[in-house]
Colleague: 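This is the structure I have questions about; it appears just below.
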Amino acid sequence: LAIDTGGTFTDFVLIDDATGVLRTLKTSSTPPEFAEGVVRGIDLLEVPLSVVRYIFHGSTMGVNAVIEERGERVALLTTRGFEDVLEIGWMNKPDMYNLLYSKPAPLVPRRWRKGVRERIGRHGEVLEPVDDDDVRRQVAELTAAGVRSIAICTLNAYLNPTNERHIADIVRRGFPDLHVSVSTDIVNQRREFERTSTAVLNAFLVPRFDHYLGALQAALEQRGFAGEFFVMKSNGGVMPLAVARAYPIHTLLSGPVGGAIGCQALGRMLDLPNVIGFDMGGTSTDVSLVFGGAPQMTDQALVHGYPVMGAAIDIGYIGSGGGSLARVEGVSALRVGPQSAGASPGPVSYGRGGGTPCVTDANLLLGRLDSATPLADGISLDFEVAAAAVESQLAARLRLGRDEAALGVVKIAEVKMAHAIRRMTVEQGLDPRDFALVAFGGAGPMHAASIAAQVGIPIVIVPRSPGTFSAWGMLNTDLRHDTVRTVDHAGKAVTLEDLQNVFGALEEEARVFLGQQEVGKDRILLLRFVDARYKGQEHTIHLPFPAGRIDTAAVDRFLAQFHALHERKFAHASPGAPVEVVHMRVAGVGQIPRQSTTPSTPHVRARSAPHPATMRHVVFDGGAGPVPVYSRAHLAPGTMVSGPAIVWEYGSTTILPPGFDLSVDQWENLVIQTRAAVE
Amino acid sequence: MTDAAVPPVERVDPIAVEVIHHALLAGALEMKADLQRTAHSPIINDGLDFSVALFNERGETVAQAPGLPDFLCDIPTAIHSVAHDIGGFGRFRPGDVYLTNDPYLNTNHTNDVNVIKPIFHGGQLCGFAGARAHWHDIGGASGAGGYNSTEIFQEGLILRSIRLYDAGVLDVDVMRIVRENNRLPEAVEGDIRAQVASCRVGEDRYLDVINRYGVDVVQAAIAHIFANGESAALAALRTIPEGTYTAESCLDHDGVDLDRPLRVRATVHVRQDAMEVDLAGSSPHCRGPFNSNPNTTTSTCRMIFKMLTTPTEPANEGHFRPLTVRIPSGSLFDAHRPSPTKLGFVAHHTLLDVIKTALARAIPDRVNAHDYGKCTPTHTKGWDGDRYFIMPDTEGGGWGGKSSGDGMSASLWGDVRVVPVEVIESKYPVQVLRYSLRPDSGGPGRYRGGLGIIKEYLMLVDVRLNAALDRQIHPPQGILGGRHALHNQVVVTAPDGTTVRLPSKVTDYPIPAGGIVSLQTGGGGGFGEPRERDRWQIEADLVDGFISRAHASAAYGLSSAEGAAVATASQDPGTGVSRYSGE
């Protein structure tokens, strides 16, 4: 069972291991007591929990808590003299021409940021041990002020966590009711502001998650659940519930990550190692990338302006979706987004008070959406008001026809998304022609074919139930624990021996963690990575380090990969120049035993399209006319459809423009290719 | 220079224009990513001291990626001056790459080097890619550049219209000249490679667009993009009341004549369809390195114009058509050979404060008070064993208060990040003793200025310090009744415990191992009368230690008994007041 809790809806996907039968359900989320909504959904599924072996759970609750800054009285203990690191931050001003800009307020006010006497030196030596009495006195003051959760992050702790751990011990012994978050327990990496911010965010989330997961666990046990409960992590893996209660920071981006893992699993199933995940919703679009069978990772994310350090699947965010507003600026500049109609008031055609036309309104005018068919949330679209808005606000001012203006809106929105995908591929030295685009989310399948063609992606796949695809993805995850060590300091070069020792230690750390989760040795997979650069550069590139024996041959293989990757990414390389290793990483993966979970029709017979459910007048670039509309439920494996056509299903609409062909594969995915590609 | 050759705007499909515009902007952003991630100088990859853009065949900026905010459409002069030097645009050849860093024509100072690559399509010149970046060192009298030069020759190598690639072939002699005149030859070669690669990326993207749409359509679309930019700027300009507005302020001195302040004066004429900025009344050019050329001064005025009109749009030439800048000849802003120009840009930042003050009464809701004396470059140099190092540090400070609230604390200029303490300690032989906000530094006001910072370095080896923290004698001012902020300063404590406050610019100031350097940046000016500040805000500031009880009393009239009550009711207000800030 997979449960994906969003701010508005909670999605459930249940799969029967033996039969492969899939069930999906969408219920309303119930903030702030999210556990209630989850339990209600489980009851609606009418499945005895005693037969459920695994529950996989992802949620955007953490992100929502940060956005609404609904949290806790959180305090910070740090090295004396560095109490303001959290508020000084990067010092940057991203909105650089805005004279009235303000940076996000720190999550811990200055009065609750306390300096402790202690110091680790630049080589990791203890310059000054912790003053125990000082710690106790400061924490006593904080608890008196009502603080319930405390983060600890001291300078240079990434080199030597002795002092940080000692402070944590004193706090835990003296104040057992306090939640304690220690920076190097979360991520052991250089850069004090990012590490502090990460520890503080964890401290901010802990009381809330501890409460939520505790309540959920109790309710599930009461309903007879005796299996294992896993919580989705930003790194694409899962962790056991007990770990999640102490480290909610690792769940922060777990919502969109389910989609990325789903793309990886779907790619494996279809033998496509390179996949771009395209999840388009109402206000924004998430793009993820699977290359060579592995999701592309990043080591830092930004959540509502606050940095979170640690391995995470790289999710490209585009502030453009179905709700992006269109307007005319200047003489005749048609602009789409970044402002969005959101869920409220929503598009003009929702008739809820929205006055500015958006992408969804344009789709309605072009016949790609239908006023006769209500959307997932039961809303019917009003064609006439959308037409009037596009006519008066766009078409008249651009001196274009109404359909031309609506087409323009869709085209510009698609161009923006095409560029975002280019940024994640071409800019990283990856050729989009080697990829398949997996389209999901409410609006993804509507624009995917056209965007893929612009970027040069030859194939588009619309999976089953695109609306709950992220939850389906969660069913395919494994336990994952990432470890990192910063290894370059004070100008000392990394030796072969360092590589052996540090990888050895990191692998042991990962093995111990997975061992504690009772993962058998034969199910543990250890992956090595390195962040490296040319000596003298500041920015690093992330790449795998060869498995097996670490010797000069392995180093040579690694160096060859580094030069090649630098050339591919940046259009130049210096094969003779010295290479510096900055961070070493090991990802420990504990495979969760599961049967092959997807049914397939063994012998797929090509068959032509069934009789369309209806015909609709649809406008495309270059022509308009009646277009067949199929219900997805009627498209059996093997069905071939030629564009133009529309495939409708509950919660999503797939657009097949002229010049594209669609086939239904043995797993019931819609596979879209340009006609040229098919021939 | 834009009208005659342009096809009529009506003939272009507005949808195609927007699509082409996005494609060109995406190309410029790709150039930025490439340069930033592969450059060697930290001032480029962390400090973003660069500018990358794509240009049409006449060298006009079509799409620029954001770097530092004051670099706006400022590479065209570099393209034009190279064209002039080589005998016209017709002399560019496919595969050529030029270097140019003429501080009287096209850069702030010698360290800023432009790399220019002409783009050809079907044998015809159709555009340019340009990447200007700040090299950490460029030779000269003092590593990374000194702050007391009196002629340009002390400021390093001048590369005027030098062909680095001749029809695709690297001129190794040029590279040798550059390397042999540089204290950090490896870094400078890495930076050049990154700049050239960035231009190649830009060229590829520009040609992608041209191949798809054709030269004629792209040129017509560019004319359209300019027209849209101009119209957006005009629409915003019409919301500023017409009139003539004047203000002035002073920089401390030019680093050479220490008793002579430098005056920056601006008169802004606002009309419905045009803005003119006249710098008459500003000081004549000076002996020290505070001179700048009209091109870079104009670029700064463009930045200010943009802040007031179209702050959110990506910039192109069209946005600046309504702006005229008058620069009096022989002034600070009209540098002539051989005047030094290393710190001319510091006066540009003062110009922003002056123009905000001038317009404060006309548009009080759209400007903030003076910011801390922005741009506070320091370079600490020495030998770490057998390795020569230059440790750069430019710290943020407080920004001016505004009608919507207090000014930002500890903030830099643009989307630039400060180097983390843990990175500094891992790279250089120093120990940072303290990195904190500077209490009492924000200018009092109904909305107070943001706070500056205090950063203390313990030097572990003998070093020499270059530092230019202006605004020490003339601190950042408040507006509309707000008061001035605490100024920048640098205090050095010798190993024997004696302390000395340094003058506002020092070059190669010796500090022995065991010495402590305390960098203290100023706050922002206040907005509105301090007596109108809400009482709860004053109390919250006391509890958080942003202000001391003495300051609450002196600036806001809170009696010492009231201050004591607030302090006792709360907790220890944090790190306390600086050792140095009480004078």
Side-chain angles (χ1 to χ4, degrees), chain A residues 81-85 87-94 96-103 109-111 113 115 121-122 141 145 155-156 158 190-193 329-335 398 400 407-408 411-412 415-416 419 422-423 426-427 488-491 534 536-539 570-572 574, chain B residues 9 14-15 18-19 22 26 30 33-34 37-38 40 42 45-46 66 69 186-187 190 193 197 200-201 227-228 231-232 306-307 311 367-368 384 387 396 402 404-405 408-412 414-418 420-423 425-426 431 433-437 453 543-545 570-571 574-575:
Chain A
F82 296 87
E83 298 86 348
D84 290 329
V85 160
E87 186 158 350
I88 292 171
W90 285 322
M91 286 192 165
N92 63 329
K93 190 171 177 245
M96 66 172 95
Y97 297 109
N98 178 1
L99 292 170
L100 310 179
Y101 176 77
S102 289
K103 54 183 177 185
R110 195 168 196 246
R111 63 192 71 174
R113 304 195 299 256
R122 59 195 292 263
E141 278 178 20
L155 205 68
N156 287 337
Y158 76 100
R190 179 167 59 206
R191 288 184 177 256
E192 70 277 4
F193 166 56
E329 285 179 358
V331 185
S332 59
L334 176 58
R335 297 275 150 80
L398 293 170
L400 293 175
L407 261 180
K411 221 185 212 177
I412 288 166
V415 159
K416 285 183 152 187
H419 285 305
R422 277 186 70 90
R423 270 208 292 285
V426 178
E427 242 180 67
D488 81 307
H489 30 261
Y534 285 119
Q537 286 181 336
E538 186 60 36
H539 292 261
F570 304 120
H572 62 117
S574 320
Chain B
V9 170
I15 313 295
E18 191 66 5
V19 170
H22 276 289
E30 249 185 85
D34 203 86
R37 287 196 225 135
T38 63
H40 284 227
N45 47 44
D46 277 333
E186 304 301 328
R193 280 171 166 279
R200 289 206 181 112
V201 167
N228 282 327
S231 125
K306 182 166 180 56
M307 287 168 163
V367 295
N368 65 338
D384 182 12
R387 183 178 68 104
K402 55 208 179 228
S404 52
M408 258 189 306
S409 294
S411 205
L412 275 165
D415 195 4
V416 173
R417 294 179 182 181
V418 75
V421 172
E422 289 178 349
V423 171
E425 290 198 357
S426 78
Q431 185 188 332
L433 301 178
R434 171 182 186 181
Y435 193 26
S436 62
L437 296 173
I453 58 99
V543 173
D544 278 321
S570 66
Q571 310 143 18
T575 50

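Just so it is clear, the structure is predicted and the values come from calculations on it, not from any experiment. Just so we're on the same page: letters track the sequence lines, and every chain starts at 1.
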Colleague: Could you look at Val418(B) and say if it's the side chain, the backbone, both or neither that has a heavy atom under 4.5 Å from chain A?
Modeller: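 For Val418(B), the contact with chain A is made by backbone and side chain together.
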Colleague: Heavy-atom distance under 4.5 Å to chain B: side chain of Leu100(A), backbone, both or neither?
Modeller: both
Colleague: His40(B), Glu186(B), Arg200(B): which one forms the most heavy-atom pairs within less than 4.5 Å of chain A?
Modeller: His40(B)
Colleague: Which one, Gly190(B), Gly414(B), Pro14(B), leads in non-hydrogen pairs under 4.5 Å with chain A?
Modeller: Gly414(B)
Colleague: I'd like to verify something: which residue of Met96(A), Glu87(A), Arg423(A) has the highest number of heavy-atom pairs under 4.5 Å with chain B?
Modeller: Met96(A)
Colleague: Between Arg422(A), Arg335(A), Lys411(A), which shows the greatest number of heavy-atom pairs under 4.5 Å with chain B?
Modeller: Arg335(A)
Colleague: Assess whether atom NZ of Lys93(A) is packed by more than 12 heavy atoms of other residues, nucleotides or ligands within 6.0 Å.
Modeller: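 Enclosed.
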Colleague: Less than 4.5 Å apart, side chain to side chain, heavy atoms only: is that true for Glu192(A) and Phe82(A)?
Modeller: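 Of all side-chain heavy-atom pairs linking Phe82(A) with Glu192(A), none is under 4.5 Å.
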Colleague: Heavy-atom distance under 4.5 Å to chain B: side chain of Leu407(A), backbone, both or neither?
Modeller: neither
Colleague: Side chain, backbone, both or neither: which part of Phe570(A) has a heavy atom under 4.5 Å from chain B?
Modeller: both
Colleague: Counting C-beta onward and ignoring hydrogens, is there a side-chain heavy-atom pair between Arg110(A) and Asp84(A) closer than 4.5 Å?
Modeller: yes
Colleague: Can you find a pair of side-chain heavy atoms, one from Val416(B) and one from Met91(A), that are under 4.5 Å apart?
Modeller: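 Counting from C-beta outward, Val416(B) and Met91(A) never come under 4.5 Å.
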Colleague: Can you say whether Glu18(B) sits under 4.5 Å from chain A via the side chain, the backbone, both, or neither, judging by heavy atoms?
Modeller: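 Glu18(B) touches chain A through side-chain heavy atoms alone.
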Colleague: So, taking the atom named OG in Ser231(B) and the one named CD in Glu329(A), what distance separates them when rounded to the nearest 0.5 Å?
Modeller: 8.5 Å
Colleague: According to side-chain hydrogen bond (donor to acceptor under 3.5 Å, both in side chains), who are the partners of Lys306(B), at least two apart in sequence or on a separate chain?
Modeller: none
Colleague: Quick check: do Lys416(A) and His22(B) have side-chain heavy atoms less than 4.5 Å from each other?
Modeller: yes
